[in-house]
Amino acid sequence: MTDKHTSATHRRRVDIILESFAAGERIVRRMDGDLFLKGEQVYVRYDEPPEAEMGRTVTMVKAGQGELRIVRHGDIRLEQTFIPGKRHTGYLQTPQGRIELETETLSLDVRQEGPPDSLDDISAPGGPLTIAWSYKLSVMGEDGGEYRLLLRAVPQKDSDPGSGRAC
């Protein structure tokens with residue numbers, strides 16, 4: 001028997017809805033992705049959709065106890081960390097150059113609907129995963145605004161968690 005904290009579990013295909021709110025504007029993006037666990041962390045991985053204008057970019061969202069980390073790889077590279085009440089420095093790398101980003105996290109909430117232990121056993125029937133966070137952004141030392149985001153990952157009906165790909 002393997003220890004669930006040291007080995008990866010199966011992936012589950014999910015439909016992802018990402019809503020962002022900033023400066024009175026609401027943007028909604030929909031994509032397919034994967035949900036999986038590694039140790040105490042839950043991961044959501046997806047390809048950025050064409051309307052995001054990021055070229056061929058893959059986003060990995062890693063959520064744990066009181067912390068959220070977003071990493072993008074591909075045509076656009078980005079790293080951001082969110083911990084409520086804390087400031088973190090990250091970056092955005094585009095073909096035009098590297099930009100320093102600083103976030104001050106205002107709130108973070110990670111929840112999964114369904115059985116109480118569904119995050120501990122990804123193969124158990126679990127409901128949607130919801131991650132909500134808000135932050136103030138500084139770009140190269142200048143005020144970049146305040147953002148609220150909501151990511152919802154809903155298991156696909158035809159996704160068989162017992163036969164998912166190993167991580």
Side-chain angles (χ1 to χ4, degrees), residues 1-22 26-84 86 88 90-93 103 105-135 147-167:
M1 182 190 245
T2 62
D3 182 336
K4 72 178 178 184
H5 299 291
T6 59
S7 66
T9 61
H10 292 86
R11 294 177 191 241
R12 174 176 284 168
R13 292 296 295 164
V14 289
D15 293 320
I16 298 167
I17 302 167
L18 178 63
E19 293 182 74
S20 63
F21 305 87
R26 176 178 177 246
I27 297 172
V28 178
R29 293 210 167 87
R30 298 173 191 278
M31 46 265 160
D32 291 334
D34 293 306
L35 171 72
F36 59 95
L37 289 178
K38 275 188 177 177
E40 299 288 324
Q41 310 292 318
V42 62
Y43 291 78
V44 177
R45 180 188 179 282
Y46 58 89
D47 294 330
E48 287 292 339
E51 64 268 20
E53 298 180 358
M54 292 187 202
R56 295 182 54 186
T57 300
V58 175
T59 296
M60 181 73 73
V61 177
K62 174 183 167 185
Q65 199 67 343
E67 181 174 349
L68 177 68
R69 182 169 165 85
I70 299 174
V71 177
R72 290 190 171 117
H73 292 284
D75 293 344
I76 301 292
R77 294 189 349 229
L78 172 135
E79 286 190 19
Q80 286 182 298
T81 300
F82 303 93
I83 298 174
K86 304 276 185 182
H88 284 276
Y91 71 88
L92 170 66
Q93 179 78 42
T103 57
T105 307
L106 305 173
S107 66
L108 172 62
D109 185 35
V110 180
R111 298 178 189 213
Q112 184 173 29
E113 300 168 23
D117 295 328
S118 57
L119 280 180
D120 291 332
D121 181 6
I122 202 82
S123 64
L129 171 72
T130 302
I131 305 172
W133 70 106
S134 63
Y135 63 96
Y147 295 81
R148 287 184 305 121
L149 289 99
L150 178 67
L151 183 147
R152 195 160 162 86
V154 180
Q156 293 179 351
K157 300 263 188 257
D158 58 353
S159 175
D160 179 4
S163 65
R165 300 181 310 271
C167 297

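Bear in mind that the values here come from a model prediction, so they are computed numbers and not experimental data.
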Could you tell me whether the side chain of [Y] reaches within less than 4.5 Å of the side chain of [X], counting heavy atoms only?
X: Leu37; Y: Val42; answer: yes
X: Lys86; Y: Thr105; answer: no
X: Ile83; Y: His88; answer: yes
X: Leu106; Y: Arg148; answer: no

Pairing of Glu79 and Arg69 as salt bridge, 4.0 angstrom limit:
yes
Which residue is it: Leu150, Asp109, Leu149, Leu108? I am looking for the one with a side chain to side chain contact (heavy atoms under 4.5 Å, CB included) to Ile131.
Leu108
Euclidean distance, [Y] [atom2] relative to [X] [atom1], rounded to 0.5 Å:
X: Glu19; Y: Leu151; atom1: CD; atom2: CG; answer: 10.0 Å
X: Tyr91; Y: Leu78; atom1: OH; atom2: CG; answer: 7.5 Å
X: Arg56; Y: Asp47; atom1: CZ; atom2: CG; answer: 8.5 Å
X: Thr59; Y: His73; atom1: OG1; atom2: NE2; answer: 9.5 Å
X: Gln65; Y: Gln41; atom1: CD; atom2: CD; answer: 9.0 Å
X: Leu35; Y: Arg12; atom1: CG; atom2: CZ; answer: 7.0 Å

Closest non-hydrogen atom pair between [X] and [Y], with its separation:
X: Leu68; Y: Ala63; value: CD1-CB, 4.0 Å
X: Ala153; Y: Val44; value: CB-CG2, 4.4 Å
X: Ser107; Y: Ser134; value: OG-OG, 2.7 Å

Take Arg30 and Asp15 through the side chain to side chain contact (heavy atoms under 4.5 Å, CB included) test and state the conclusion after the steps.
CA-CA 7 Å; Arg30 298 173 191 278; Asp15 293 320; over 6 Å; no
Tell me if the CZ atom of Arg77 is crowded by more than 12 foreign heavy atoms within 6.0 Å.
no
Without swapping roles, check the side chain of [X] against the backbone of [Y] for a donor-acceptor pair under 3.5 Å.
X: Asp75; Y: Thr57; result: no
X: Thr103; Y: Thr81; result: yes
X: Arg13; Y: Gly33; result: yes

What orientation do Tyr147 and Tyr135 show, parallel under 30°, tilted 30 to 60°, or perpendicular over 60°?
parallel
Mutual orientation of the aromatic rings belonging to Phe82 and Trp133 [parallel < 30°, tilted 30-60°, perpendicular > 60°]:
tilted
